[in-house]
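Data block below; observations after.
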Amino acid sequence: AINPFEWITSLRGGDKPRSVKEIVEKEPKSLIGRAYAFAKKAHHGQKRQSGEPYFSHLLATADILNSWHLDETTIAAGLLHDTVEDTETKEEDLKKDFGDEVTFLVTGVSKLGRVKYREKDAKVENMRKMIVALSEDLRVIFIKLADRLHNMRTLAAVPPQKQKRIALETDDIYAPLAYRLGMHHLAGELHDLSFPYLHPKESEWLKKSATEHYERRHTYLDKLKPMVEEKLKEHNLKPIKIDFRAKRISSLYEKLLRHDMDI
């Protein structure tokens, strides 16, 4: 299993990884290259509800995992994560071509896919624990989070009756799980992506009232950081770390609820 401490450390910096497509072009015989070709063939002809080829979702999931600096086994499993569930591929086929570890991760994601959350529940904490227990390996959760992130980014293409259920599950289950794994940026994005489907009127109001978008606030703080460092240096203070965060729409709404909605 992946060492979570090494993985978290890798997220703190380093070079931007090559895209999955670049890896495949340069190393077609690699594990990722073979998984790419296998998934593309297995899902040939399948479409997403947006009309895009289904394989585009698998590639996006793998690219997200790659951007998190995860190992090639996890990225390959990301490409293959729907093959057993949505194609004629059998577990034995995966084992034959990719071995036990990749197959274990793929079937683990399939297990999580069968867990459905349909309404706010006092036992939501138990459900989060069940997801962790079912996964058996943190990498299964990472694949599920990457899968969910891309699905949330493209949720507009899903029929309206499914949008709210998926958004609620994301907001109550997967965003908190991401937060507990130290993936605060991901948790914030998942909450923000869920917000318009759970609170459509409030979302529209906030878009008009909070004129500065998250990216602009984040850019401003990024520019402020060296100025803070310089001021500390002038006073012979050497910080161990300077951190900052921009307020997201979903967390801004939570704060407004505590302050009579006074922006």
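Under the 4.0 Å criterion applied to side-chain N and carboxylate O atoms, K90 and D93 are not assigned as salt-bridge partners. Between K201 and E204 there is no salt bridge, since no side-chain nitrogen of the basic residue lies less than 4.0 Å from a carboxylate oxygen of the acidic one.
When atom types are taken as modelled, the side chain of Y197 and the backbone of A156 share a donor-acceptor pair closer than 3.5 angstrom. Judged by distance alone, the side chain of E91 and the main-chain N or O of V84 form no donor-acceptor pair under 3.5 Å. Not a single donor-acceptor pair under 3.5 Å links the side chain of S203 to the backbone N or O of P200. Distance alone, capped at 3.5 Å, places no donor-acceptor pair between the R34 side chain and the A76 backbone. R128 places a side-chain N or O within 3.5 Å of a backbone atom of D172 that can act as its donor or acceptor partner. Side-chain atoms of D63 do not come within 3.5 Å of backbone N or O of S19 as any donor-acceptor pair.
Using a 30° and 60° split on the angle between ring planes, H199 and F195 fall in the tilted class, from 30° to 60°. By the 30° and 60° cut-offs, the orientation of the rings of F38 relative to F98 is perpendicular.
If you look at H44 and F55, their ring centroids are not closer than 6.0 Å.
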### Query
Hey, mind stepping through K231 and E234 against salt bridge (Lys or Arg N to Asp or Glu O under 4.0 Å) and telling me if it holds?
CA-CA 5 Å; K231 278 292 171 191; E234 284 175 20; 3.5 Å; yes
#### Entry: Test log, rule salt bridge (Lys or Arg N to Asp or Glu O under 4.0 Å), inputs R114 and E85
CA-CA 10 Å; R114 295 184 200 115; E85 198 73 21; 3.7 Å; yes
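Residues S56 and R48 bring no donor and acceptor atom of their side chains to less than 3.5 Å of each other. Side-chain contact annotation: D82 with H43, donor-acceptor N/O pair under 3.5 Å absent. Remark: the T103 side chain and the D100 side chain contain no N/O donor-acceptor pair separated by less than 3.5 Å.
Scanning all heavy atoms of the two residues, the minimum distance from A77 to I143 falls at CB-CD1, 3.6 Å. Nearest heavy-atom pair across P239 and L232 is CG-CD1, 3.9 Å. Of all non-hydrogen atoms in T83 and L80, the two that sit nearest each other are OG1-O, 2.7 Å. The minimum heavy-atom distance linking S250 with H191 is given by the pair OG-CB, 3.4 Å. Nearest heavy atoms, L79 versus L59: CD2-CA, 4.1 Å. Between L65 and T74 the shortest heavy-atom distance is CD1-O, 3.6 Å.
Note on I32: it clusters hydrophobically with F104, by side-chain heavy-atom contacts below 4.5 Å among ILVMFWY residues.
A side-chain contact (heavy atoms from CB on, under 4.5 Å) with D171 is found for one member of L190, D192, L198, I166 and no other, namely L198. Remark: of the listed residues L186, T170, V140, L186 is the sole one forming a side-chain contact (heavy atoms from CB on, under 4.5 Å) with L145.
Side-chain contact check for R139 versus D71: some heavy-atom pair is nearer than 4.5 Å. Looking only at side-chain heavy atoms (C-beta outward), L193 and L155 stay at 4.5 Å or farther from each other.
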